[in-house]
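Right, one structure below, let's go through it.
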Amino acid sequence: MIRFFNTLGRRMTEFTPIREGYAGMYTCGPTVYNYAHIGNFRAYLFEDLLRRTLEYHGIKVTQVMNLTDVDDKTIRDSRAAGIPLQTFTRKYKDAFFEDLRTLRVEPAEHYPEATSHIPEMLNMIRQLMDKGYAYQSDDGSIYFSIEKCRNYGQLVKLDFENQRIGDRVRSDEYAKDSVADFALWKAWDENDGDVKWDSPWGPGRPGWHLECSAMSRKYLGLTFDIHTGGVDNMFPHHEDEIAQSESANGCKFVNYWLHCEHLTIKGQKMSKSLGNFYTLRDLTAKGWSGAEIRYLLLGTHYRSKLNFDPDALGTARSALKKFHTLFARLNTVPAGDALLAEAKAASEAARAKFADGLADDLNIAEALATVHKFTKEVNGLLAKGAGHDAAVVLLDQYRDFDRVLAFLDVDSALEAADAPKQDVPAEILELAQKRAEAKKAKDFAAADALRAQINAAGWAVKDTPAGPELSKL
RNA sequence: GGCGUGAUGGUCGAGCGGCUAAGGCAACGGUUUGCAAAACCGGUUCUGGUGGGUUCAACUCCCACUCACGCCUCCA
């Protein structure tokens with residue numbers, strides 16, 4: 001049984017898909033006006049964990065992630081750069097997909113762009129107008145009227161009578177009947193430059209919330225299983241999506257809403273406006289790998305705040321390195337079927353616990369603890385003389401875990417272990433060679449002197465069963 | 001002001017109304033090593049923000065307080 005904490009109702013609920021064995025999932029994607037930061041990627045990694053967990057449990061997932069490629073910011077920044085909107089957003093779409101690959105995020109089935117779905121959105125506005133849920137204001141914009149929607153406020157309890165009205169609201173309020181009404185269609189004005197589409201209500205562009213309602217309907221149907229996003233999307237974005245979709249479609253929009261907590265830095269939300277963010281590229285430029293970053297960002301339960309500390313990436317590196325040396329060891333176990341049955345039993349037990357942990361609202365801590373306990377067993381089996389056949393089973397179990405985790409990298413670790421270290425300078429190799437000879441001759445004074453020389457040159461030497469190994473200090 | 005989330009050992013981070021409070025990283029001890037490093041093994045560090053309450057029994061439920069963070073129309 002898989003269960004999730006459903007924001008709708010704020011309860012832990014068993015997951016029952018509409019169609020057995022299949023799950024339709026809509027995940028709010030990026031606004032492509034800049035590089036996404038790792039707080040954004042935390043959400044996408046959570047969604048990746050979600051889809052991989054469903055798949056691990058044999059459920060076929062259809063995931064849709066939208067790309068918001070027209071809004072205030074994309075228009076503002078493309079105009080400031082003097083570049084056509086499409087060209088401008090193309091750059092950040094490409095960067096986004098590149099970053100997803102770095103983090104081993106499994107691709108969604110559909111990545112619809114807002115600008116490619118204007119007809120679908122206009123169609124939905126038409127329906128809302130016809131049913132009386134929307135109205136046109138003096139400036140030509142179309143708004144959704146909250147008052148017409150009895151169910152408004154399913155995700156968050158808000159008391160609109162008793163709100164502290166901020167400046168942002170006041171500046172936007174002029175054309176609306178009610179403060180909470182939101183734009184379905186924004187009438188063109190000169191700030192939009194050449195960005196505009198024709199509509200029955202005059203030239204303009206779609207409101208932000210509308211794209212998700214229109215595109216989810218197109219790719220997932222009127223009612224679908226799961227909708228996710230960051231907690232900051234609960235209001236107004238998701239609340240407005242529900243209002244639009246349920247009003248237009250006349251039926252329930254989404255069965256399970258899952259929201260991911262924020263990534264914080266020094267206890268504060270990471271955000272573009274506060275300027276306290278790291279992009280993925282900032283971290284990879286410092287030498288951290290996608291796997292290490294993935295390990296760190298996935299390590300905290302999605303409904304808890306994750307305080308990002310760059311130093312913690314070192315923890316990730318240490319932990320992953322231990323796995324990699326173990327994989328290499330498993331790969332060189334001599335032939336034989338010793339302890340094969342034990343290996344199979346340990347693998348099967350670990351697999352079941354791992355699956356159960358994930359099924360419990362994506363309890364990654366439980367799943368990881370299982371992997372680590374399994375590793376302890378694996379080491380025990382190796383110490384007891386497990387043969388090659390057993391090693392193959394154990395290694396396969398790590399590959400199986402990695403269908404969800406995607407940071408263990410069993411096979412690339414094995415390849416790396418086999419490949420010669422090519423980037424070591426010749427003179428360092430020569431010193432290491434001389435040291436090996438000195439050691440062979442039991443001239444330890446000379447060997448230590450050579451090691452000091454190697455260290456002075458910025459390299460460390462370790463003696464492994466397979467011979468000396470060099471690494472940068 | 002309204003709504004919501006959280007506070008666990010050096011650090012990150014779980015479960016659970018009652019076995020010795022997972023697991024990672026770090027530290028420490030041991031095995032191994034010519035010495036190291038790496039690897040493996042091991043116990044250890046806290047009595048669970050504060051104060052009450054319920055209960056035979058609470059870290060786990062309830063109340064209050066303190067602190068922190070988030071949302072209240074840009075925001076993953």
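In what follows, chains carry the letters A, B, and so on, assigned in the order in which the sequence lines appear, proteins first and then strands, with residues in each chain numbered from 1.
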Distances for protein N or O near nucleotides 5-13 of chain B N or O, under 3.5 Å:
none

- Message: Suppose you measure atom P in A7(B) against the same atom in U44(B); what distance do you get, rounded to whole Å?
- Response: 25 Å

- In whole angstrom, give me the gap between the C1' atoms of G49(B) and U5(B). 16 Å

- Measure the distance from CG on Leu408(A) to P on G24(B) and round it to the nearest whole Å. 14 Å

- Mind checking Gly39(A) for me? I need base, sugar-phosphate or nothing, with any heavy atom below 4.0 Å counting as a touch. base

- Given the rule in the salt bridge (Lys or Arg N to Asp or Glu O under 4.0 Å) test, do Glu211(A) and Arg205(A) qualify, once you have shown the distances and angles that lead to the verdict? CA-CA 11 Å; Glu211(A) 65 181 85; Arg205(A) 58 186 166 95; over 6 Å; no

- Message: I'd like the P distance from G4(B) over to G52(B), given in whole Å.
- Response: 27 Å

- Query: Base, sugar-phosphate, or nothing: which does Met270(A) touch, judged by heavy atoms less than 4.0 Å apart?
  - Reply: base

- Query: What nucleic acid atoms does Asn40(A) come within less than 4.0 Å of, heavy atoms only: base, sugar-phosphate, or nothing?
  - Reply: base

- Query: Rounded to the Å, how far apart are Glu239(A) CD and C71(B) P?
  - Reply: 16 Å

- Query: Over how many whole Å does the gap from Leu450(A) atom CG to C35(B) atom P extend?
  - Reply: 19 Å

- Task: Answer yes when Asp72(A) and Lys186(A) have at least one side-chain N-carboxylate O distance shorter than 4.0 Å, and no when they do not.
- Result: yes

- Provide, to the nearest angstrom, the distance between the CZ atom belonging to Phe235(A) and the P atom belonging to G2(B). 18 Å

- Protein-nucleotide distance (Glu377(A), atom CD; G23(B), atom P), rounded to Å: 13 Å

- Message: Taking the six-membered ring for Trp, are His209(A) and His238(A) closer than 6.0 Å centroid to centroid?
- Response: no

- Between Thr53(A) and the options Ile364(A), Val61(A), Leu362(A), Asp361(A), the side-chain contact (heavy atoms from CB on, under 4.5 Å) test singles out Leu362(A)

- Rounded off to whole Å, could you give me the CZ-to-P distance for the Phe323(A) and C40(B) pair? 10 Å

- Message: Regarding Val461(A), tell me which of base, sugar-phosphate or nothing describes its non-hydrogen contacts under 4.0 Å with the strands shown.
- Response: base

- Check if the side chain of Asn363(A) and the base of G15(B) share a donor-acceptor pair of N or O atoms closer than 3.5 Å. no

Donor-acceptor pairs under 3.5 angstrom involving side-chain atoms of residues 349-360 of chain A: please list them, not counting sequence neighbours.
from	atom 1	to	atom 2	distance (Å)
Asp360(A)	OD1	Arg3(A)	NE	3.0
Asp360(A)	OD1	Arg3(A)	NH2	3.1

- Task: Just call it for Lys272(A): base, sugar-phosphate, or nothing, with non-hydrogen atoms closer than 4.0 Å on any strand.
- Result: nothing

- Under the rule of Watson-Crick or G-U wobble with both distances under 3.5 Å, where | means paired to another strand and [ ] a crossing pair, RNA chain B maps to (((((((..(((.....[....)))..((((.......))))......(((((..]....))))))))))))....

- U11(B) and U45(B), which share atom name P, separated by this distance in whole Å: 16 Å

- Mind checking Lys373(A) for me? I need base, sugar-phosphate or nothing, with any heavy atom below 4.0 Å counting as a touch. sugar-phosphate

- Item | salt_bridge(Lys269(A), Asp232(A)) N-O dist < 4.0 Å | yes

- Indicate yes or no for a side-chain donor-acceptor contact from Ser78(A) to the backbone of Thr74(A) under 3.5 Å, with no hydrogens or angles considered. yes

- Check: His37(A) main-chain N/O paired with Asn40(A) side-chain donor or acceptor under 3.5 Å: yes

- So which pairs with a foot in residues 368-381 of chain A pass side-chain hydrogen bond (donor to acceptor under 3.5 Å, both in side chains), sequence neighbours left out? Arg329(A)-Asn379(A), Thr375(A)-Tyr398(A)

- Has the side chain of Arg329(A) got a donor or acceptor that lies under 3.5 Å from a partner of the other kind on the base of A39(B)? no

- Item | Rounded P spacing from C40(B) to C25(B) in Å | 9 Å

- Item | Any donor-acceptor N/O pair under 3.5 Å between C74(B) base and Arg76(A) side chain | no

- Item | Interatomic distance at P, A14(B) relative to G23(B), whole Å | 15 Å

- Task: Could you pick out which residue, Gly29(A) or Thr315(A), lies toward the 5' side of RNA chain B when each is mapped onto its nearest nucleotide?
- Result: Thr315(A)

- Item | Qualifying residues under side chain to side chain donor-acceptor pair (under 3.5 Å), relative to Ser271(A), sequence neighbours excluded | Ser273(A)

- Message: Taking side-chain hydrogen bond (donor to acceptor under 3.5 Å, both in side chains) as the cut-off, I'd like each qualifying pair that reaches into residues 313-325 of chain A, sequence neighbours left out, listed once.
- Response: Glu292(A)-Arg317(A)

- Rounded to whole angstrom units, what separation is found between the NZ atom of Lys321(A) and the P atom of A26(B)? 10 Å

- Would you kindly give the NZ-to-P distance between Lys439(A) and A36(B), to the nearest whole Å? 12 Å

